[in-house]
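Here the structure is laid out as structure tokens; the discussion comes afterwards.
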Amino acid sequence: GVWYVVSHIWNELGLAKFFRNKKNRIDANDLICLLISHRLHRYGSCNLSEREAHRWITSEAYKQFGEVSLQQVYRLLYFAFNKKQEIEKHLCSTLDIKKEVIFYDLTSSYLEGEYSSSEIVKFGYNRDKKRGKEQIVLGLLLSGRLPLGHDIFAGNTPDKTTLNSAIDHAESLGITKFIFVADRGIFTDDNLNYIEGKKLEYIIATQRRTGNLIRQLMQLKASQPVKKVYYDSVKERTYHLCYNEEVAQFHLNKMEEIKKSLETKLSELKKPDEKKVYSLLGKASKFFKIIFKPNYSFTLNQEVWNYEKAIAGKYLLITNN
């Protein structure tokens, strides 16, 4: 059933033309539809490898067609990768995506196992909290729930440096007029200038702790979920303060828990030195002022603490839309 539905959609979208075979070889369209079926039918991280897909196709899949080797599976994926841009552009054209709200986000995927060398597998900010794991970074363009295209970056790539390629990627798909939506990871003045230079509209979350204007706006009293709080008439940018009371209360409670826990641990620390203290505090070190000489002591950094309380549950959107 899964294979039948996948094959039907595959043909309806006109994708078969990209995988024409020479005679007397395995049908590439049948095989790639089986690979997709495997992902849908046997979903789960332990089942996503090409080796597992090959095992499933040759021993469990209902659709049978002669013998297929693991090497043929790898070769087909390599061929599909080389057709990636053509396929993405074809899908945008087929689905008639002309003017859309385009969402952009990034994630990372860490790697296991050994390999000789790689230009893109690097240590970087790991969203899975897997310390000591090298990774790659993936950027995804979406229209609603529909993925339009993706790019792969080196594992140490900062989010903010990928915006230009994301915009160029969307335009390469034939989408020339769109509203670009992204989170604060890609927020910089240079990035906003780049989008505006392209004559595009955008809705982007700002950093919450950067710049005097942003810090001032973030501390305004929030009485409703979304409120226009500032307009830059020179650059024609509007700032909207967003607030979620439930999230705010959660973060305030969490802050109190962390503060009490760390104050207790700091008080009980034997022979405290800088390495021990800052290793214990981690990112929460900003909440404390530590003195080591002549005597060890600590106090709450009231300025930082008050600001974090003021911005709990808030974020700031900037837009020219």
Side-chain angles (χ1 to χ4, degrees), residues 6 9-19 28-29 32-33 35-40 43 48 50 74 76-111 118-122 124-125 127 135-188 190-192 194-205 321:
V6 168
I9 296 173
W10 184 262
N11 290 315
E12 283 286 303
L13 291 173
L15 293 169
K17 69 179 183 180
F18 293 99
F19 296 87
N29 281 294
I32 201 162
C33 286
L35 289 172
I36 295 170
S37 301
H38 169 256
R39 288 293 177 98
L40 297 172
Y43 182 75
L48 295 184
E50 281 66 46
Y74 285 130
L76 178 61
L77 292 175
Y78 182 76
F79 179 79
F81 172 75
N82 288 327
K83 293 280 186 178
K84 172 181 174 294
Q85 287 182 309
E86 292 179 60
I87 292 171
E88 289 176 348
K89 191 169 184 178
H90 167 79
L91 286 172
C92 281
S93 175
T94 302
L95 298 170
D96 198 28
I97 298 172
K98 294 178 180 176
K99 182 180 179 182
E100 299 287 340
V101 176
I102 302 295
F103 294 89
Y104 179 62
D105 202 4
L106 295 107
T107 188
S108 58
S109 182
Y110 68 91
L111 280 76
S118 171
E119 294 180 357
I120 63 170
V121 178
K122 307 284 184 182
Y125 170 62
R127 295 159 177 83
Q135 64 178 24
I136 57 173
V137 171
L138 300 98
L140 180 65
L141 292 168
L142 290 157
S143 174
R145 298 181 179 182
L146 180 69
L148 301 179
H150 75 278
D151 288 298
I152 298 174
F153 304 97
N156 60 354
T157 305
D159 291 4
K160 62 186 178 183
T161 64
T162 67
L163 177 130
N164 292 22
S165 63
I167 296 289
D168 295 345
H169 190 162
E171 291 183 329
S172 75
L173 299 176
I175 313 169
T176 57
K177 188 74 174 176
F178 53 89
I179 303 168
F180 189 78
V181 183
D183 69 12
R184 61 179 179 259
I186 62 103
F187 173 76
T188 67
D190 286 343
N191 282 344
L192 294 187
Y194 183 79
I195 302 175
E196 290 167 347
K198 290 276 189 176
K199 306 299 181 184
L200 295 171
E201 295 180 325
Y202 58 84
I203 304 171
I204 295 177
N321 171 258

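The analysis underlying the following values was restricted to heavy atoms, covering all of them including side chains, and did not include hydrogens, waters or symmetry mates.
- Atom CD1 of Ile32 sits about 8.5 Å away from atom CG of Leu15, to the nearest 0.5 Å.
- The minimum heavy-atom distance linking Cys92 with Ile175 is given by the pair SG-CD1, 4.1 Å.
- Here the closest heavy-atom approach between residue Asn164 and residue Asn191 is recorded as OD1-OD1, 3.9 Å.
- Between Asp159 and Gly185 the shortest heavy-atom distance is CB-O, 3.5 Å.
- Of all non-hydrogen atoms in Pro147 and Leu140, the two that sit nearest each other are CB-CD1, 4.0 Å.
- Side-chain atoms of Phe187 and Leu192, non-hydrogen and from C-beta on, do get closer than 4.5 Å to each other.
- A side-chain donor-acceptor contact under 3.5 Å links Ser165 to the backbone of Thr162.
- We find that Arg39 and Glu50 are joined by a salt bridge, their nearest charged nitrogen and carboxylate oxygen being less than 4.0 Å apart.
- Among residues two or more places apart in sequence or in another chain, the ring-ring contact (aromatic ring centres under 6.0 Å, His included) test is passed with Phe81 by none.
- When all heavy atoms of Arg127 and Ser108 are compared, the closest pair comes out as N-OG, 3.2 Å.
- Listed by first and then second residue, the ring-ring contact (aromatic ring centres under 6.0 Å, His included) pairs involving residues 163-183 are Tyr104-Phe180 (not counting sequence neighbours).
- Put simply, the side chain of Asn29 gets close to the backbone of Ala16: a donor and an acceptor are under 3.5 Å apart.
- Contact annotation: the side chain of Ile195 approaches that of Leu163 to within less than 4.5 Å [non-hydrogen atoms, C-beta and beyond].
- The line from CD of Glu201 to CG of Asn321 is 4.5 Å long, rounded to the nearest 0.5 Å.
- Ring geometry for Trp10 versus Phe19: interplanar angle of 30 to 60°, hence tilted.
- Under the 4.5 Å side-chain criterion, counting only non-hydrogen atoms from C-beta, Leu173 is not in contact with Ile97.
- The CD atom of Glu171 sits 7.5 Å away from the OG1 atom of Thr176 when rounded to the nearest 0.5 Å.
- A donor-acceptor contact closer than 3.5 angstrom links the side chains of Glu196 and Tyr202.
- Interatomic distance, Lys177 NZ to Leu200 CG, rounded to the nearest 0.5 Å: 7.0 Å.
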(message) Would Lys198 and Asp168 count as a side chain to side chain contact (heavy atoms under 4.5 Å, CB included) here? Give the steps.
(response) CA-CA 10 Å; Lys198 290 276 189 176; Asp168 295 345; 3.6 Å; yes
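- In this structure, Thr161 and Phe153 have side chains that are not in contact, with every pair of non-hydrogen atoms separated by 4.5 Å or more.
- With rounding to the nearest 0.5 angstrom, the CG atom of Leu13 is 11.0 Å from the CD1 atom of Ile87.
- With sequence neighbours excluded, no residue forms a ring-ring contact (aromatic ring centres under 6.0 Å, His included) with Tyr74.
- Note that CG of Leu91 and CD of Glu86 are 12.0 Å apart. Values are rounded to the nearest 0.5 Å.
- No donor-acceptor distance shorter than 3.5 angstrom exists from the side chain of Glu100 to the backbone of Gly144, with no hydrogens or angles considered.
- Considering only heavy atoms from C-beta on, Asp151 comes within 4.5 Å of Lys84 through its side chain.
- Between Ser143 and Leu148, the closest heavy-atom pair is CB-CD1, 3.8 Å.
- At most 12 heavy atoms of other shown residues, nucleotides or ligands fall within 6.0 angstrom of atom NZ in Lys89.
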